[in-house]
Amino acid sequence: WALDTPADGWTVLDQIGHLAYFDEMETLAVTDPERFCAARDVSRSEETSVIDAAVVAGRAMSPAATLDRFSASRAAMSRAFLDADPAARVPWYGPSMSVGAAVTARIMETWAHGQDVFDGLDRPHPVTTALRQVAHIGVRALPNSFRTRQLDVPTEPVYVRLEAPAGDLWEWGPIDSADRVSGSALDFCLVATQRRHVADTELEITGAVAEEWLDIAQAFAGAAGTGRLPGQFPR
């Protein structure tokens with residue numbers, strides 16, 4: 001629990017505490033959007049970011065208490081999603097989302113912070129077909145990747161062709177696009193969640209828009225992330 005992870009200054013305990021806190025906030029966003037928005041707006045006025053504040057608060061908890069908190073918050077969030085109106089909009093720290101998109105975002109966040117934990121423990125991260133949810137939000141977040149850096153969102157479409165863990169293909173975008181990304185779904189998801197630098201993957205990238213996107217890809221909301229340095233996790 002005290003081992004460092006690749007996220008600067010974050011331990012395994014910090015990673016699990018982070019997931020537990022934002023699962024709790026997601027449950028609040030689904031079940032009581034007004035209270036969530038009020039709490040979010042207060043956090044935006046504080047000098048310390050909500051992410052850093054949650055980490056500091058989480059460090060006061062023992063590993064056992066953190067694990068219990070994570071289990072309870074994940075169960076409560078699952079119930080909230082199952083009971084929610086699928087047509088509802090869910091507020092968040094970035095743009096509001098549909099219920100389906102909010103579920104996908106939590107899957108992505110869990111996988112990404114889980115990758116940090118596996119890297120911290122120097123263990124392989126099991127790959128399953130659930131990775132498609134991470135890849136999907138990674139593709140859909142292309143505009144967000146540019147907006148978080150105050151860059152114009154390109155109008156040129158990008159075709160993404162990924163090899164799934166089971167060997168089938170996952171595809172997004174027009175197949176005749178000049179800008180293209182292809183390779184393993186795992187490599188793409190690691191880049192889209194900023195857990196690997198694109199230079200440390202075997203992704204094939206064609207076109208200026210695709211190249212710029214993969215350099216700044218960010219599947220998560222919030223300020224522009226720093227990602228990982230090239231060579232930090234060589235193939």
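The figures here come from the full heavy-atom set of this structure, side chains too, leaving out hydrogens, waters and symmetry mates. Counting begins at 1 with the first residue of the sequence.
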Flag yes if [X] and [Y] sit in one hydrophobic cluster, no otherwise; membership is Ile, Leu, Val, Met, Phe, Trp, Tyr, and two members link when side-chain heavy atoms are under 4.5 Å apart.
{"X": "Tyr159", "Y": "Ile137", "result": "no"}
{"X": "Leu82", "Y": "Val103", "result": "no"}
{"X": "Leu190", "Y": "Phe118", "result": "no"}
{"X": "Met61", "Y": "Leu67", "result": "no"}
{"X": "Val139", "Y": "Leu186", "result": "yes"}

Tell me whether [X] contacts the main-chain N or O of [Y] through its side chain, where contact means a donor paired with an acceptor under 3.5 Å.
{"X": "Ser71", "Y": "Asp68", "result": "no"}
{"X": "Gln194", "Y": "Ala217", "result": "yes"}
{"X": "Asn144", "Y": "Phe220", "result": "yes"}
{"X": "Glu212", "Y": "Val209", "result": "no"}
{"X": "Arg195", "Y": "Ala112", "result": "yes"}

Would Val153 and Arg147 satisfy side chain to side chain contact (heavy atoms under 4.5 Å, CB included), going step by step from the backbone distance to the final call? CA-CA 7 Å; Val153 177; Arg147 290 187 185 119; 3.7 Å; yes
Of all the heavy-atom pairs spanning [X] and [Y], show the shortest one and how long it is.
{"X": "Ala219", "Y": "Met108", "result": "O-CE, 3.3 Å"}
{"X": "Thr27", "Y": "Ala80", "result": "CG2-CB, 4.0 Å"}
{"X": "Pro6", "Y": "Phe233", "result": "CG-CZ, 3.5 Å"}
{"X": "Val30", "Y": "Ala84", "result": "CG1-CB, 3.8 Å"}
{"X": "Arg140", "Y": "Pro143", "result": "O-CD, 3.4 Å"}
{"X": "Ala185", "Y": "Ala164", "result": "CB-CA, 4.4 Å"}

Given the rule in the side chain to side chain contact (heavy atoms under 4.5 Å, CB included) test, do Trp170 and His136 qualify, once you have shown the distances and angles that lead to the verdict? CA-CA 9 Å; Trp170 297 337; His136 179 71; over 6 Å; no
For Leu162 and Val160, run side chain to side chain contact (heavy atoms under 4.5 Å, CB included): C-alpha distance rounded to whole Å, both residues' side-chain angles, the deciding distance at 0.1 Å, then the answer. CA-CA 6 Å; Leu162 304 177; Val160 179; 3.7 Å; yes
Under 4.0 Å between a Lys/Arg side-chain N and an Asp/Glu carboxylate O for Glu24 and Arg69?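 Counted as a salt bridge, because a side-chain N and a carboxylate O are separated by less than 4.0 Å.
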Does a salt bridge link Arg196 with Asp119, judged by any charged N lying under 4.0 Å from a carboxylate O?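 Salt bridge present between Arg196 and Asp119.
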Spacing of [atom1] belonging to [X] relative to [atom2] belonging to [Y], to within rounding of 0.5 Å:
{"X": "Arg132", "Y": "Ile107", "atom1": "CZ", "atom2": "CD1", "value": "12.0 Å"}
{"X": "Asp14", "Y": "Tyr21", "atom1": "CG", "atom2": "OH", "value": "15.0 Å"}
{"X": "Cys189", "Y": "Gln133", "atom1": "SG", "atom2": "CD", "value": "10.0 Å"}
{"X": "Gln218", "Y": "Ser145", "atom1": "CD", "atom2": "OG", "value": "6.5 Å"}
{"X": "Trp1", "Y": "Ile16", "atom1": "CH2", "atom2": "CD1", "value": "5.5 Å"}
{"X": "Glu109", "Y": "Thr104", "atom1": "CD", "atom2": "OG1", "value": "12.5 Å"}

Side chains of [X] and [Y]: closer than 4.5 Å at any heavy-atom pair?
{"X": "Trp111", "Y": "Val127", "answer": "no"}
{"X": "Glu156", "Y": "Ser177", "answer": "no"}
{"X": "Arg180", "Y": "Val158", "answer": "no"}
{"X": "Thr11", "Y": "Leu3", "answer": "no"}
{"X": "Ile216", "Y": "Leu151", "answer": "yes"}
{"X": "Arg106", "Y": "Phe81", "answer": "yes"}
{"X": "Pro91", "Y": "Arg40", "answer": "yes"}

Would you say that more than 12 heavy atoms from the other residues, nucleotides or ligands in this model lie under 6.0 Å from the [atom1] of [X], or not?
{"X": "Asp152", "atom1": "CG", "value": "no"}
{"X": "Arg123", "atom1": "CZ", "value": "no"}
{"X": "Arg149", "atom1": "CZ", "value": "yes"}
{"X": "Asp122", "atom1": "CG", "value": "no"}
{"X": "Asp85", "atom1": "CG", "value": "yes"}
{"X": "Glu211", "atom1": "CD", "value": "yes"}
{"X": "Arg35", "atom1": "CZ", "value": "no"}

Taking atom types as modelled, find out whether [X] and [Y] have a side-chain donor-acceptor pair closer than 3.5 angstrom.
{"X": "Arg74", "Y": "Thr110", "answer": "yes"}
{"X": "Gln15", "Y": "Thr5", "answer": "yes"}
{"X": "His113", "Y": "Trp10", "answer": "no"}

Can you name the residues that form a ring-ring contact (aromatic ring centres under 6.0 Å, His included) with Phe36, not counting sequence neighbours?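 Listed in chain order: Trp92, Tyr93.
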Apply the test side chain to side chain contact (heavy atoms under 4.5 Å, CB included) to residues Thr193 and Gln115: give CA-CA distance (whole Å), side-chain angles for both, the deciding distance (0.1 Å), then the verdict. CA-CA 10 Å; Thr193 58; Gln115 182 66 48; over 6 Å; no
Identify, with sequence neighbours excluded, every residue that meets side chain to side chain donor-acceptor pair (under 3.5 Å) alongside Arg228.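 Applying side chain to side chain donor-acceptor pair (under 3.5 Å) to Arg228 gives Asp116.
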Can you list everything that forms a side chain to side chain donor-acceptor pair (under 3.5 Å) with Asp179? Sequence neighbours excluded, please.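 Per chain and number, Asp179 pairs via side chain to side chain donor-acceptor pair (under 3.5 Å) with no residue.
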Please report, to 0.1 Å, the donor-acceptor pairs under 3.5 Å made by any side chain of residues 50-57, with sequence neighbours excluded.
{"residue": "Asp52", "atom": "OD2", "partner": "Ser49", "partner atom": "OG", "Å": "3.3"}

Test side chain to side chain contact (heavy atoms under 4.5 Å, CB included) applied to Ser62 - qualifying residues, sequence neighbours left out: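 Ser62 satisfies side chain to side chain contact (heavy atoms under 4.5 Å, CB included) with Ala64, Ala65 once adjacent residues are dropped.
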In chain order, what residues pass the side chain to side chain contact (heavy atoms under 4.5 Å, CB included) check against Ala208, with sequence neighbours excluded?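 With neighbours one apart ignored, the set is empty.
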